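Values in this document were obtained by computation on a predicted structure and should not be read as measured data. Side-chain atoms are counted along with the backbone in the values below, which use heavy atoms only and exclude waters and symmetry mates. Residues take their numbers from the sequence shown, with the count starting at 1.
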Amino acid sequence: MAHAFKFSSGLDYSLRQLVEYNNVAFVGYLKDMTFTPEMFESFLVPQHISHGLSVYMHAADGQFVGFSRSGVRGTRAWVAGVAIVPEFRGKGAGKILMKEYLRVLKESGRIKTVLLDVLGDNPIAKRLYQDLGFKIITSVHKLMFHGEMNPPQQNLGSIRATPGVDIHLPWLQYELEYMWTREWCVVSIKDNAQTVRYETEDGQLSTAVVVFVDEPRETLVVHACAFTKDTTSDDLRAIFAHFSQKNHITKFMLPYEPAASKVIKLFEELEFKETDMEYIMEFTL
């Protein structure tokens, strides 16, 4: 079976072909991973996608089988999507693809560490990666709130919103390791982002968040948090209530926060509920 497949890099295909391969391979996946060409283009730069270190797999007769795509930052690679088309699933193709993918990364001479994230409710994929030598290093948790956020009973502070990301605030990305898609190099260049501060009566920072509105989903996404030692869940409530009232937002999301983050407890106090979790896994070449 190992000789029944042919491999190529992402450099061999047009953007539209790459999008088509992505969407075909992710048919029936546990969550929607499809792209439009425009979505794919906006994904490439912030995630530092390397087409040359991405592997595409075909059967001997030319039928497309699957792919493993790479993001690269320094000596680290991230599996920025891996999928097998439905008719080849459960037949060992995924393991063959990943072995070739790891070989390509190793032989590049550039990569020392490979990261990937796998859904908590995908034990088959998790077991495959563990069999290949990946180790779980942490978990990340997605929290959601549905409904209008009411302001705190006592609201003595004020809210100040500015376009873009203020890099000088004490963002948690400076002290915690976040998953690839929420590392600071991604957050700091996010389109349509704004920094929202909640300040005390004397003008001192209590908390701040980087947020953006995901318009197709009508959701306010919290991309980063900056806390002081006095931050409370009511400070966050005041910020979210501001968006409920001003922008009529009724859906709020904290995407994939590290298990070690103190943010999670405060969001849970606001009745955010976990809707998804992923394991972050690491492989040393």
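In this structure the side chain of D131 reaches within 4.5 angstrom of the side chain of K95, judged on heavy atoms. When side chains are defined from C-beta on, N23 does not count as touching V27, because their heavy atoms never get closer than 4.5 Å. With a 4.5 Å cut-off on side-chain heavy atoms, L285 and L105 count as touching. Inter-residue side-chain proximity for E257 and R182 is flagged as met; some heavy-atom pair is nearer than 4.5 Å.
Using a cut-off of 4.0 Å between Lys/Arg side-chain N and Asp/Glu carboxylate O, E20 and R16 are scored as not salt-bridged. Ion pairing between K6 and E100 fails under the 4.0 Å rule for side-chain N and carboxylate O. Ion pair E199/R160 flagged as a salt bridge, since at least one NZ, NE, NH1 or NH2 atom sits closer than 4.0 Å to an Asp/Glu carboxylate oxygen.
In this structure, K31 places its NZ atom where more than 12 heavy-atom neighbours from other residues, nucleotides or ligands lie under 6.0 Å away. More than 12 non-hydrogen atoms from other residues, nucleotides or ligands lie less than 6.0 angstrom from CD of E269. Counting non-hydrogen atoms of neighbouring residues, nucleotides and ligands closer than 6.0 angstrom, the CD atom of E177 reaches no more than 12 such neighbours. Within 6.0 Å of CG in N192 there are 12 or fewer heavy atoms belonging to other residues, nucleotides or ligands.
Under the 30°/60° scheme for interplanar angles, the aromatic rings of F67 and F26 are found to stand perpendicular. Below 30°, between 30° and 60°, or above 60°: for F40 and F43 the angle between ring planes is below 30°, a parallel geometry. Ring planes of Y56 and Y13: tilted class, angle from 30 to 60°. Using cut-offs of 30° and 60° on the angle between ring planes, the pair Y174 and W184 is perpendicular.
Y101 and L115 fall within the same hydrophobic cluster, defined by Ile, Leu, Val, Met, Phe, Trp and Tyr side-chain heavy atoms under 4.5 Å apart, directly or through other members.
Remark: the E148 side chain and the Q245 side chain contain no N/O donor-acceptor pair separated by less than 3.5 Å. Residues S158 and R197 have side chains that never bring a donor and an acceptor to within less than 3.5 angstrom of each other. Side-chain atoms of T34 and D32 include a donor-acceptor pair closer than 3.5 Å. Y198 and T231 are not linked by any side-chain donor-acceptor pair at a separation below 3.5 angstrom, with hydrogens and angles left out of the test. With hydrogens and angles left out, the side-chain atoms of D202 and T200 include a donor and acceptor closer than 3.5 Å.
The OG atom of S68 sits 14.5 Å away from the NZ atom of K99 when rounded to the nearest 0.5 Å. Taking CZ of F64 as the reference point, atom CD of Q17 lies at 10.5 Å (rounded to 0.5 Å).
For the pair D166 (side chain) and H168 (backbone), a donor-acceptor distance under 3.5 Å is present. Looking at H51, its side chain never comes within 3.5 Å of a backbone N or O of I49 through a donor-acceptor pair. When atom types are taken as modelled, the side chain of T219 and the backbone of E215 share no donor-acceptor pair closer than 3.5 angstrom. Judged purely by atom type and a 3.5 angstrom limit, S108 has no side-chain atom pairing as donor or acceptor with the backbone of L53.
When all heavy atoms of T228 and S206 are compared, the closest pair comes out as OG1-O, 3.1 Å. Residues Y178 and S261 come closest through the heavy atom pair OH-OG, 4.2 Å.
Sequence neighbours left out, the pairs with a member in residues 59-83 that pass salt bridge (Lys or Arg N to Asp or Glu O under 4.0 Å) are R73-E183, R76-E183. Residue pairs meeting the side chain to side chain donor-acceptor pair (under 3.5 Å) criterion with at least one partner in residues 113-128, sequence neighbours excluded, are W78-D117.
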Inset, instruction - Assess whether salt bridge (Lys or Arg N to Asp or Glu O under 4.0 Å) is satisfied between K251 and D214, documenting all intermediate values. - result: CA-CA 10 Å; K251 289 189 286 186; D214 184 338; over 6 Å; no

Legend entry - CA sep, side-chain torsions, deciding dist, call: F212, H223, ring-ring contact (aromatic ring centres under 6.0 Å, His included): CA-CA 8 Å; F212 66 94; H223 219 36; 5.4 Å; yes

Legend entry - side chain to side chain contact (heavy atoms under 4.5 Å, CB included) between D234 and Q154, worked out: CA-CA 9 Å; D234 271 351; Q154 266 197 320; over 6 Å; no

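Taking the six-membered ring for Trp and the full ring otherwise, H141 and F267 have centroids separated by 6.0 Å or more.
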